[in-house]
Amino acid sequence: MKERLLKIYTQLFEHFGPQDWWPANSPFEVVVGAILTQNTRWENVELAIAELRRRNDLTPKGLEALSHSQLEEAIRPAGFFRQKARRLHGLLDSLETRYGGELTQLLAPPLSRARQDLLALEGVGPETADAILLYAGGFPTFVVDAYTRRLFSRVGLLDADAGYDETQALFMQHLPSETTFFNEYHALIVEQCKRYCLKRKPQCAECPLVNFCSGEDVNQGG
DNA sequence: GCCCAGGTGGGTA
DNA sequence: TACCCACATGGG
């Protein structure tokens, strides 16, 4: 299993090159993006981030200066804007009251404590928590998303109905626990799925994983 | 017009 | 535990 996981990584890296993730300018921006991208295309998240930045600094203080309706309006392009505005405000409140307004305190080691605290926030589930831990906190934890499950079930390394923890364990039990490696691997999975696996008409001849792919479900967007 | 997108939480059985 | 559903905009 370890060899196959490493081989897939190598083929993806050789095809796509380094991805330089997460696409954000600060750890706090990673957190905001992680909440905004829930069940949402990243392109729409970028519209919301740009509007937030246009209105104020993309910092806890900067967002706190916006009224709730201003926050809702700014993030509207990312969808679920009422729900996500509520979640962002909950995060800001929690940062202020429990972590002295410092994201670095929320993301202080140990990993288990930081993850537990993140999961206690409204709107932060396992994927969002792990994305924040990895890309904002620098912890070696593997992020599992819809792309990860689709890709690795398609190549036959994972059951189609595997849950979050089971999927995460596949990677964390077989791969070296290194932040930069987990960072790059997850980013490459996303790129692979966007470019090949989820296309309505996949260009399988150019796909870097064509040697792993069974071809099943290839035209069903997942 | 229809389907989907880098999930989460609440309700029900 | 295992489903079902709401949440909402924008692009193909």
Side-chain angles (χ1 to χ4, degrees), chain A residues 8-9 12 16 19-24 27 29-52 54 68-91 93-94 115-137 141-154 158-168 170-171 182-203 217-222:
Chain A
I8 288 173
Y9 173 84
L12 290 176
F16 294 113
Q19 298 298 298
D20 193 28
W21 262 37
W22 178 290
E29 196 175 319
V30 172
V31 176
V32 173
I35 289 173
L36 291 181
T37 198
Q38 290 168 356
N39 208 41
T40 301
R41 303 170 61 85
W42 180 254
E43 291 73 17
N44 292 347
V45 175
E46 288 183 320
L47 297 175
I49 296 263
E51 180 60 21
L52 285 175
R54 191 185 72 74
H68 194 76
S69 59
Q70 285 176 322
L71 184 59
E72 285 188 348
E73 284 308 306
I75 67 172
R76 183 182 280 266
F80 305 117
F81 62 91
R82 296 186 191 89
Q83 186 183 56
K84 288 173 180 175
R86 195 169 63 243
R87 290 173 179 182
L88 287 174
H89 261 136
L91 167 75
D93 288 346
S94 187
R115 191 171 197 269
Q116 192 174 8
D117 284 10
L118 283 167
L119 290 173
L121 298 172
E122 185 198 336
V124 177
E127 177 183 337
T128 304
D130 285 326
I132 292 170
L133 290 165
L134 177 65
Y135 291 107
T141 189
F142 205 92
V143 180
V144 172
D145 59 11
Y147 289 159
T148 309
R149 293 184 211 185
R150 287 173 183 177
L151 177 58
F152 286 85
S153 63
R154 178 172 296 173
L158 198 62
D159 287 339
D161 60 350
Y164 190 95
D165 293 343
E166 182 185 349
T167 306
Q168 186 179 48
L170 173 73
F171 296 92
F182 286 168
N183 175 326
E184 196 65 47
Y185 206 156
H186 174 68
L188 287 166
I189 289 167
V190 173
E191 187 65 12
Q192 163 67 17
C193 288
K194 283 185 175 176
R195 296 280 287 276
Y196 294 101
C197 294
L198 298 185
K199 292 290 185 185
R200 304 232 165 139
K201 296 178 180 176
Q203 303 288 310
D217 302 331
V218 84
N219 283 315
Q220 296 176 14

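Checking the phosphate oxygens (OP1, OP2) of B:dA5, a side-chain nitrogen or oxygen of A:R150 falls inside 4.0 Å. At C:dT9, one or more side-chain N or O atoms of A:R76 fall inside 4.0 Å of OP1 or OP2 (strictly under the cut-off). Within the 4.0 Å cut-off from OP1 or OP2 of B:dT8, at least one side-chain nitrogen or oxygen of A:T128 is found.
Side chain of A:Q19 to backbone of A:L188: no donor-acceptor contact under 3.5 angstrom is found. The closest donor-acceptor contact from the side chain of A:T40 to the backbone of A:A78 lies under 3.5 Å. Between the side chain of A:K84 and the main chain of A:I75, no donor-acceptor pair closer than 3.5 Å is present.
Residues of residues 117-127 of chain A that place a heavy atom closer than 4.0 Å to DNA chain C do not occur.
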In residues 41-50 of chain A, what donor-acceptor pairs under 3.5 Å come from side-chain atoms, sequence neighbours left out?
residue, atom, partner, partner atom, Å
A:W42, NE1, A:E46, OE2, 3.2

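Nucleotides C:dA8 and B:dG10 place their P atoms 15 Å apart, quoted to the nearest Å.
Picking from C:dA8, C:dG11, B:dG7 the nucleotide with the shortest atom distance to the side chain of A:R41 gives C:dG11. Comparing B:dT8, C:dA8, C:dT9 by their closest approach to the side chain of A:Q38 singles out B:dT8.
B:dT12 is paired with C:dA2 under the criterion used here, namely a Watson-Crick or G-U wobble arrangement in which both key atom distances are under 3.5 Å.
A straight line from CG of A:L47 to C1' of C:dA8 spans 14 Å, rounded to a whole angstrom. The NZ-P distance, from A:K84 to C:dA6, rounds to 17 Å in whole Å. In this structure, CG of A:L36 is placed 14 Å from P of C:dT9, rounded to the nearest angstrom. Atom CH2 of A:W42 and atom P of C:dT9 are 20 Å apart (whole Å). When the C1' atom of C:dC7 is taken as reference, atom CZ of A:R86 falls 9 Å away, rounded to whole Å. One can place CG of A:N39 at 17 Å from P of C:dG11, the figure rounded to the nearest angstrom. To the nearest angstrom, C1' of C:dG10 lies 5 Å from CG of A:N44. For A:Q83 and C:dC5, the CD to P distance is 17 Å, given to the nearest whole Å.
Between A:L71 and A:A85, the shortest heavy-atom contact is CD2-O, 3.7 Å.
Proximity of A:T167 to A:F152: side-chain heavy atoms (C-beta onward) are nowhere separated by under 4.5 Å.
Taken from CZ in A:F16 to OH in A:Y196, the straight-line distance is 5.0 Å, to the nearest 0.5 Å.
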